[in-house]
2 protein chains.
Amino acid sequence: MYSYTEENYLKAIYKLQEKNNDAINTNSIARVMSTTAASVTDMIKKLSDKKLLEYQKYKGVQLTESGKKTAIETVRKHRLWETFLHNKLNFLWDEVHDIAEQLEHIQSQTLIDKLDEYLGFPTHDPHGDPIPERNGIIKTSNYVLLSDMTLEKEGIISGVVNHSSLFLQHLQKIELTLGRLVKVIEINAFDLSLSIQLDKDQKIQISNEVARNILMKTK
Amino acid sequence: MYSYTEENYLKAIYKLQEKNNDAINTNSIARVMSTTAASVTDMIKKLSDKKLLEYQKYKGVQLTESGKKTAIETVRKHRLWETFLHNKLNFLWDEVHDIAEQLEHIQSQTLIDKLDEYLGFPTHDPHGDPIPERNGIIKTSNYVLLSDMTLEKEGIISGVVNHSSLFLQHLQKIELTLGRLVKVIEINAFDLSLSIQLDKDQKIQISNEVARNILMKTK
DNA sequence: AATAATTTTTAGTCTTGTCTAAAATTTTTT
DNA sequence: AAAAAATTTTAGACAAGACTAAAAATTATT
Ligand SMILES: [Mn+2]
Ligand SMILES: [Mn+2]
Ligand SMILES: [Mn+2]
Ligand SMILES: [Mn+2]
C-alpha cells in the first residue's frame with residue numbers, strides 16, 4: 001500500500017503528535033528522521049497529496065484519520081514483531097528494536113493476524129509499550145514515573161521512557177526488569193537518588209536519571 | 001549489504017544457473033524477473049561492477065563465488081521463513097511463498113541463526129526443497145519423477161517441480177502431500193495417467209501432467 | 001555470403017527519495 | 001517597527017531502478 005519510507009514518516013509524525021498536541025513542524029520531523037528539512041518538505045507534500053496528513057506551508061502538519069490509521073498499523077506490527085523476537089526467539093529487550101524496524105514493513109494482514117494469535121494476543125511489547133489492537137484502539141494505562149513516587153510507595157515496573165540500548169542494557173544488568181515489584185525506601189535530598197527494595201528481598205540504589213526513565217504501575 | 005533488488009536478481013540468476021550449466025542470457029533473466037531486457041542489462045552492469053557476476057557484452061553472465069554465496073544466503077532465508085510460516089503460523093504450503101519473498105530480505109544474521117534453531121534446524125521447506133546450511137552447503141537428494149516410476153514401485157512424496165499456487169492447492173485437495181507413501185498400480189498407455197495407492201488403503205487416479213510435477217524418494 | 005530474424009545494448013526519460021544552496025517566510029530581538 | 005535570527009520552502013542536481021524506442025551485434029535462414 002504505502003512505501004517503506006512513507007510508513008516511516010507517518011510513524012515518526014504520529015509519535016511526535018503523541019507528546020505534542022499542536023501541529024508538527026518540519027525541523028522536528030527532520031530531526032527524528034535523521035534527514036534534512038528540505039527532504040521533509042518534499043515528503044510531506046507527497047503525503048498531503050495522498051490525504052495522509054494536512055499541510056499548510058510554514059504551518060506544519062497534522063495526520064488525517066487515514067494517516068493516523070496507517071501509523072498505528074505500523075506501530076502494531078512493530079510491537080508484535082518485537083514481542084515475537086523476545087518471547088519466541090529469545091532476543092534480549094535491547095536487541096529487538098532494529099530488527100522490528102525492518103519487519104514492520106512486511107505487507108500481509110493475514111501474517112499479522114496469525115502472528116498475533118501465535119503470540120497469544122499480547123497486550124504489551126517487551127518494553128511495556130501497549131500493542132494497538134487490530135481495530136486501532138490503544139489501551140493505555142496511567143503510569144507514574146519511578147522518580148515521582150513518594151516514600152514507602154510500592155509499584156510494578158511497567159515500562160520505560162528511554163528506549164536506547166544503553167539504558168535497556170543497564171536496567172538488565174541491575175535487574176530492573178518489567179514486572180518487578182519496587183518499594184521506595186529512601187529519597188536522597190542531595191541528588192534525588194533512590195534506595196529501593198526489589199521483590200521484598202533485594203535492596204539497591206539508583207540515580208534520579210534512571211528513576212526518571214522508568215514507568216510504574218501503582219495501586 | 002545488498003539491496004532488495006540486487007538480491008532478487010542474484011537469486012534469479014542462481015536458479016537459472018542451477019538447471020542450465022552455460023552462461024545465462026539477458027532475455028531469460030528478463031523473463032523470470034518479469035522485466036525488460038534493457039533493465040536487465042542495466043542491472044547486470046552494476047552487479048558486475050560489484051564483482052557479483054562475470055559479464056561480457058552479448059555473452060551472458062555467470063555468478064562469481066561471492067554472487068553465488070549471496071544468492072544461496074537469500075534462498076536459505078526464504079526457505080527458513082517458509083518453514084516458519086507453515087510450521088508455526090499454520091499457513092498452507094501454497095500461501096507461504098509470497099510472504100517469504102518479502103521476509104527473505106530482512107537483514108540480520110543473528111535473526112536467521114535464532115530462527116533456524118527455533119525451528120529445530122529443518123533440512124527441507126514446506127515444498128520439500130532443501131534448506132541451504134549456514135555454511136552454504138546444500139544437501140541434495142536424487143529424487144525421481146512420479147511419472148518416471150515403474151509399475152509396482154513404491155516411494156515417498158518428497159517435493160514438487162511446479163511451485164504454483166494452483167498446483168499446490170490441487171495436490172492439497174487430492175491429499176497428495178509431502179511424506180505420503182505412494183505405489184504405482186497401473187500406468188494407462190493411452191494418456192500415461194496413473195492409478196496409485198496412497199498409504200496402503202486409498203486408491204486414486206492422477207494425470208501424467210500431475211505425475212510429472214511430483215518428486216519421489218524411492219528405495 | 002547475403003539477408004532476415006532475434007537478441008542485446010544504448011540513449012533518453014521517468015519516479016522515488018535524497019541532498020545542497022539559495023530564496024522566502026516567520027519568529028525573535030533590539 | 002526595523003533588523004537579525006531561525007525556520008521553511010524552492011530550485012536544481014543526483015542515484016537507484018525502471019521503461020520505450022532505436023541502434024548494434026549475434027544467430028539463423030536462404
Ligand atoms: Mn521499538
Ligand atoms: Mn518497543
Ligand atoms: Mn518459495
Ligand atoms: Mn519453497
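To find a chain, count down the sequence lines: A is the first, B the second, and so on, and within it residues start at 1.
Near-neighbour residues of DNA chain C inside residues 27-49 of chain A, defined by a heavy atom below 4.0 Å, number-ordered: A/Thr35, A/Thr36, A/Ala38, A/Ser39, A/Asp42, A/Met43, A/Lys46. For DNA chain D, the residues of residues 8-24 of chain B within the heavy-atom distance limit of 4.0 Å (strictly under) are B/Tyr9, sorted by number.
Rounded to an integer number of Å, the gap from A/Glu6 CD to C/dT15 C1' is 12 Å. If you measure from atom OH of A/Tyr58 to atom P of C/dT25, you get 6 Å, rounded to the nearest angstrom. At whole-Å resolution of the value, NE2 in A/His105 and P in C/dG17 are 12 Å apart.
The residue B/Tyr55 sits close only to the backbone: its heavy atoms come under 4.0 Å of sugar-phosphate atoms, none of a base.
In terms of phosphate contacts, A/Thr5 brings no side-chain nitrogen or oxygen within less than 4.0 Å of OP1 or OP2 of C/dT16. The phosphate of D/dT8 has OP1 or OP2 within less than 4.0 Å of a side-chain N or O from A/Asn25. In terms of phosphate contacts, A/Thr26 brings a side-chain nitrogen or oxygen within less than 4.0 Å of OP1 or OP2 of D/dT9. In this model, the phosphate group of C/dT10 is approached by a side-chain N or O of B/Lys57 to a distance below 4.0 Å at OP1 or OP2.
A cation-pi arrangement is absent between A/Lys46 and A/Tyr9 under the rule of less than 6.0 angstrom and at most 45 degrees off the ring axis.
Among all heavy-atom pairs drawn from B/Pro122 and B/Leu80, the shortest one is CG-CD2, 3.9 Å. Smallest separation of non-hydrogen atoms from A/Lys139 and A/Pro130: O-CB, 3.6 Å. Of all the heavy atoms in B/Glu82 and B/Pro126, the pair that sits closest is O-CG, 3.5 Å.
Judged by distance alone, with hydrogens and angles left aside, the side-chain atoms of A/Thr64 form a donor-acceptor pair with the main-chain N or O of A/Lys51 at under 3.5 Å. A donor-acceptor pair is defined here as one N or O able to donate and one able to accept, closer than 3.5 Å; no such pair exists between the side chain of A/His127 and the backbone of A/Val160.
Counted by atom type alone, A/His105 and A/Asn8 present one or more donor-acceptor pairs between their side chains at under 3.5 Å.
Under the side-chain contact (heavy atoms from CB on, under 4.5 Å) criterion, A/Asp191 pairs with A/Asn188, A/Ser193, not counting sequence neighbours.
Using cut-offs of 30° and 60° for the angle between ring planes, the B/Phe84 and B/Tyr118 rings count as tilted.
For the pair A/Lys59 and A/Lys50, both in contact range of DNA chain C, the more 5′-proximal nearest nucleotide belongs to A/Lys50.
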